[in-house]
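First the proteins, then the strands, lettered A, B, ... as listed; each starts at 1. Not measured: the values here are computed from a predicted model.
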Amino acid sequence: MENKKQDTASALKDIISHAKEYGFVFPSSEIYDGLQAVYDYGQNGVELKNNLKMVWWKAMTMLNDNVVGIDASIFMHPLTWKASGHVDSFNDPMIDNKDSKKRYRADTLLEDRAAQYEAEGKEEVGKALLQKMAKSLDAGDLEAVRQLIIDENITCPISNTANWTEVRQFNLMFSTQVGAVSEDASLIYLRPETAQGIFVNFLNVQKTGRMKVPFGIAQIGKAFRNEIVARNFIFRMREFEQMEMQFFVRPGTEMEWYAAWKEVRMKFHQAIGLPASKLKFHDHEKLAHYANAAVDIEYEFPFGFKEMEGIHSRTDFDLKAHQDLSRKKQQYFDPEINENYIPYVIETSVGADRLFLAVLCNAYTEEIVGEGDQQKQRIYLNLHPAIAPIKVAVLPLVKKDGLAEKAQEINRSLKFAFNTTYDEGGAIGKRYTRQDLIGTPYCVVIDYQTMEDDTVTVRDRNTMSQERISIADLKEKLGYAVSMERIFFFFFV
RNA sequence: GCGAAAGUAGCUCAGCUGGUAGAGCGCGACCUUGCCAAGGUCGAGGUCGCGGGUUCGAACCCCGUCUUUCGCUCCA
């Protein structure tokens with residue numbers, strides 16, 4: 001067990017090192033010592049991430065006639081977050097007990113004490129306490145809140161001591177001001193989730209797109225959370241990217257759609273190459289305030305099974321809250337049953353960065369090749385060809401005798417169809433290895449035979465085997481091998 | 001947030017009881033070779049995470065700080 005833990009820790013370290021050394025993920029602002037829980041994608045990482053986003057986007061919008069996309073702003077009207085519940089539930093005064101190291105919500109501690117007074121028949125005392133607390137909280141006077149806890153002699157149930165830290169406001173939403181002059185400016189938030197951008201545009205899309213329920217709206221975008229502890233590389237970042245789809249359905253039919261999307265989303269992850277054995281559903285037992293069913297798709301990262309995607313039945317919570325607060329009807333007239341209603345919503349929400357990490361962890365392969373004295377370790381990224389940053393490397397066996405020119409010509413003929421690279425430096429084996437390390441699925445090699453009969457060899461990343469094919473067939477054969485079509489085909493098997 | 005460990009070249013690391021930095025790999029150019037990280041020559045790259053302190057002198061000792069990893073904790 002201990003060994004296994006060390007192994008998994010080093011497995012993540014190896015992946016982090018690899019990600020940095022080969023241009024996938026860099027710590028943010030590294031020359032200034034980095035910024036906690038913020039990372040940048042490098043030249044290969046951005047290609048891989050873009051490919052993942054494109055596969056998801058097409059799987060949602062292109063393959064489903066009734067799903068369309070939008071791109072909403074990160075800034076939203078502050079009332080959005082009031083309606084969604086984030087202002088209330090994302091903003092807590094916390095206090096720590098120094099002995100037990102336990103953290104509590106300061107307001108909950110006082111509310112519990114007030115309830116205790118009530119149970120003892122001292123209702124006025126309890127009420128007075130709550131009023132004092134509300135006054136202090138409204139005034140933002142956290143020291144007064146702490147004093148209340150001390151005056152009431154509230155102790156930690158674990159350590160039984162009153163050795164409290166100061167009260168701190170934990171706001172998981174980042175805020176900033178809009179407006180030139182700060183006194184006139186109003187406080188706005190960086191969105192903590194992308195979903196609300198879809199909900200506030202529900203009627204815009206439904207009307208202008210003549211959408212009929214059931215239909216979905218997909219979106220890819222950044223979201224921000226001021227996480228207290230950020231851990232596990234890019235798994236939990238303060239700035240992250242979500243790929244979300246909100247699917248609007250007739251009330252009462254939500255469970256069928258919930259079940260249907262569950263299966264579709266699980267297939268997606270397998271289609272891009274994640275093995276079924278490393279994926280599982282995890283049902284939520286404690287449901288969020290907006291949901292009546294929720295499940296996570298978890299991937300087995302080096303640090304254990306963790307959430308990669310959430311599928312939630314959000315009921316009509318969000319649209320209803322927006323309708324109430326904005327006083328604009330958020331209803332759909334269903335011609336089939338001649339009825340107006342607020343649709344129910346099934347949400348599928350993947351963390352793009354988490355999917356990236358899962359794919360990278362899964363692709364990272366160390367194996368021993370060769371026999372006896374010839375044995376050596378080989379490392380390569382076993383990425384699905386359709387999501388690999390570079391699809392094809394074009395390599396002249398040597399750079400003299402016109403082979404380099406011939407190779408460049410072939411590279412030019414392929415580069416408009418998919419991502420290619422050209423490399424003539426050093427020995428051929430070294431160039432193969434360079435491509436293995438970033439997951440390039442195919443290497444096209446121009447040798448002396450090419451000059452005679454216009455054929456090249458195509459070397460496969462995983463098997464290292466070579467096949468000789470005619471230059472005229474390259475674009476079509478490789479084009480299909482690296483196409484997203486292959487993923488979508490699997491998707492529907 | 002608490003506790004533990006770590007931070008020296010792009011990577012992996014060495015650097016003895018304090019005397020102002022090295023190796024391997026990688027990278028670049030050239031020569032040679034020609035199918036799985038080949039050989040040779042030359043070269044680029046580090047104010048030793050950062051800031052103080054002790055000392056004649058600090059990569060090394062002390063304090064602080066930042067970042068990362070791990071364990072708790074937290075997490076819609």
**Study point:** Geometric cation-pi criterion, A:Arg238 with A:Phe224: 6.0 Å, 45°
**Key:** no
Point to revise | B:A23 versus B:U32 - spacing of their C1' atoms, nearest Å | key: 26 Å
Review point. What distance, rounded to whole Å, do you find between the two P atoms, one in B:G64 and one in B:C2?
Key: 13 Å
Exercise for review: Please say whether the positively charged group of A:Arg459, taken as NZ for Lys or CZ for Arg, lies over the ring of A:Tyr432, i.e. under 6.0 angstrom from the six-membered ring centre and within 45 degrees of the axis.
Suggested key: yes
Review point. Cation over ring, A:Arg236 on A:Phe240, under 6.0 Å and within 45°?
Key: no
Study note, to complete from the structure: Heavy-atom nearest nucleotide on RNA chain B taken for A:Glu21 and for A:Ile16; more 5' hit belongs to A:Glu21
Review point. On a whole-Å scale, what distance lies between the P atoms belonging to B:G22 and B:C70?
Key: 35 Å
Review point. For A:Gln36 and B:U68, is the shortest distance between a side-chain N/O and OP1 or OP2 below 4.0 Å?
Key: yes
**Study point:** Sugar-phosphate only, base, or nothing, as touched by A:Leu437 at under 4.0 Å among non-hydrogen atoms
**Key:** base
Check your understanding: Counting just side-chain N and O atoms, does A:Asn232 come under 4.0 Å of either OP1 or OP2 of B:U68?
Key -> no
Check your understanding: Nearest heavy-atom pair of A:Ile311 and A:Lys262: which atoms, and what distance?
Key -> CD1-CA, 3.9 Å
Review point. Taking protein heavy atoms under 4.0 Å as touching, what does nucleotides 27-36 of chain B look like 5' to 3' if B marks base contact, S marks sugar-phosphate-only contact and - marks none?
Key: S-----SBBB
Check your understanding: So does A:Lys20 get a side-chain nitrogen or oxygen closer than 4.0 Å to the phosphate oxygens (OP1/OP2) of B:G10?
Key -> no
Check your understanding: Expressed as a whole number of Å, how far does the P atom of B:G49 sit from that of B:A14?
Key -> 13 Å
Check your understanding: Which of these, A:Gln242, A:Glu307, A:His269, sits in a side chain to side chain contact (heavy atoms under 4.5 Å, CB included) with A:Val350?
Key -> A:His269
Check your understanding: Under the ring pair (Phe, Tyr, Trp, His ring centres under 6.0 Å) criterion, do A:Tyr39 and A:Tyr41 qualify, and how do the steps go?
Key -> CA-CA 7 Å; A:Tyr39 290 89; A:Tyr41 287 87; 8.8 Å; no
Check your understanding: If we ignore angles and hydrogens, is there a donor and acceptor under 3.5 Å between the side chains of A:Tyr448 and A:Asp401?
Key -> yes
Review point. How would you label the contact of A:Ala195 with the nucleic acid (heavy atoms, under 4.0 Å): base, sugar-phosphate, or nothing?
Key: nothing
Exercise for review: Name the closest nucleotide to the A:Tyr39 side chain, picking from B:U67, B:C70, B:U69.
Suggested key: B:U69
